[in-house]
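Data first, discussion second: the structure below is written as structure tokens.
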Amino acid sequence: QVQLVESGGGLVQTGGSLRLSCAASGRTLSNYVMGWFRQAPGKEREFVAAISRRGLGTDYADSVKGRFTISRDNAKNTVYLQMNSLKSEDTAVYSCAATWQTGLPARSSAYDYWGQGTQVTVSS
């Protein structure tokens, strides 16, 4: 089993940037495909980005493509989400997740382990 802890959330103005981190413990992160999801108040959890085990493949939701970048450092057992050009609609709790599955799944049910989430608030 792997434990995931997110950090890096906070309050930022529209157009600003944040970098989220997801630190893993318990098992080697390179065993897992990793994803970032977010959930805004009153809305369903939605897919943000995913990255393959060695970081060679990535996938993004259309809403963040070109603004967000997912990356990983397996030596540090950490996954990152660089968020640029932030908009008010990016406000949400962001969670990282790990899956044994192949590919880059976008559905949350495909993921086996979840962090507790970190709040990102974008103000105008």
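- The line from CG of D73 to CG of L29 is 9.5 Å long, rounded to the nearest 0.5 Å.
- By the rule that hydrophobic residues join a cluster once side-chain heavy atoms approach within less than 4.5 Å of another member, L86 and Y80 end up as members of separate clusters.
- With a 6.0 Å radius and a threshold of 12 heavy atoms from other residues, nucleotides or ligands, Q13 has its CD atom at or below the threshold.
- Atoms CD and CD, from Q3 and Q116 in turn, are 12.0 Å apart once rounded to the nearest 0.5 Å.
- A donor-acceptor distance shorter than 3.5 angstrom exists from the side chain of R67 to the backbone of S85, with no hydrogens or angles considered.
- Of the inter-residue distances, the one linking D59 atom CG with K65 atom NZ reads 6.5 Å to the nearest 0.5 angstrom.
- Annotation for K43: atom NZ does not count as buried by contact number, only 12 or fewer foreign heavy atoms lying within 6.0 Å.
- Within the 3.5 Å criterion, the main-chain N or O of A110 finds a donor-acceptor partner in the side chain of T99.
- Taking SG from C22 and CG from L81, the interatomic distance works out to 10.5 Å, rounded to the nearest 0.5 Å.
- Within the 3.5 Å criterion, the main-chain N or O of S123 finds a donor-acceptor partner in the side chain of T14.
- With hydrogens and angles ignored, the 3.5 Å screen pairs a side-chain donor or acceptor of E6 with a backbone N or O of G117.
- Placement of F68 and M34 within a single hydrophobic cluster is found when ILVMFWY residues are connected by side-chain heavy-atom separations under 4.5 Å, directly or transitively.
- Here the SG atom belonging to C96 is positioned 12.5 Å from the CD1 atom belonging to I51, to the nearest 0.5 angstrom.
- Among all heavy-atom pairs drawn from W114 and S108, the shortest one is CZ2-O, 3.5 Å.
- Shortest non-hydrogen contact noted between A92 and Q119 is O-NE2, 3.4 Å.
- Of all heavy-atom pairs between W100 and R53, the closest is O-NH2, 2.5 Å.
- Among the candidates T118, D90, T91, the single residue satisfying the side chain to side chain donor-acceptor pair (under 3.5 Å) test with R38 is D90.
- Under a 3.5 Å cut-off, the side chain of R72 and the backbone N or O of S52 do form a donor-acceptor pair.
- Grouping the Ile, Leu, Val, Met, Phe, Trp and Tyr side chains by contacts below 4.5 angstrom, directly or via other members, places V120 with V48.
- Note on Y113 and V79: same hydrophobic cluster, where clusters join Ile, Leu, Val, Met, Phe, Trp and Tyr whose side-chain heavy atoms are under 4.5 Å apart, directly or indirectly.
- In this structure, the side chains of L104 and V33 come closer than 4.5 Å at one or more pairs of heavy atoms.
- The heavy-atom pair separating A106 from F37 by the smallest distance is O-CE2, 3.4 Å.
- With respect to M83, the side chain to side chain contact (heavy atoms under 4.5 Å, CB included) criterion is satisfied by exactly one of L20, V122, V12: L20.
- Linking Ile, Leu, Val, Met, Phe, Trp and Tyr residues whenever their side-chain heavy atoms come within less than 4.5 Å places I70 and V2 in a single cluster.
- Atoms CD and OG, from Q101 and S109 in turn, are 7.5 Å apart once rounded to the nearest 0.5 Å.
- Checked by atom type and distance alone, the side chain of Y111 pairs as donor or acceptor with a backbone atom of P105 at under 3.5 Å.
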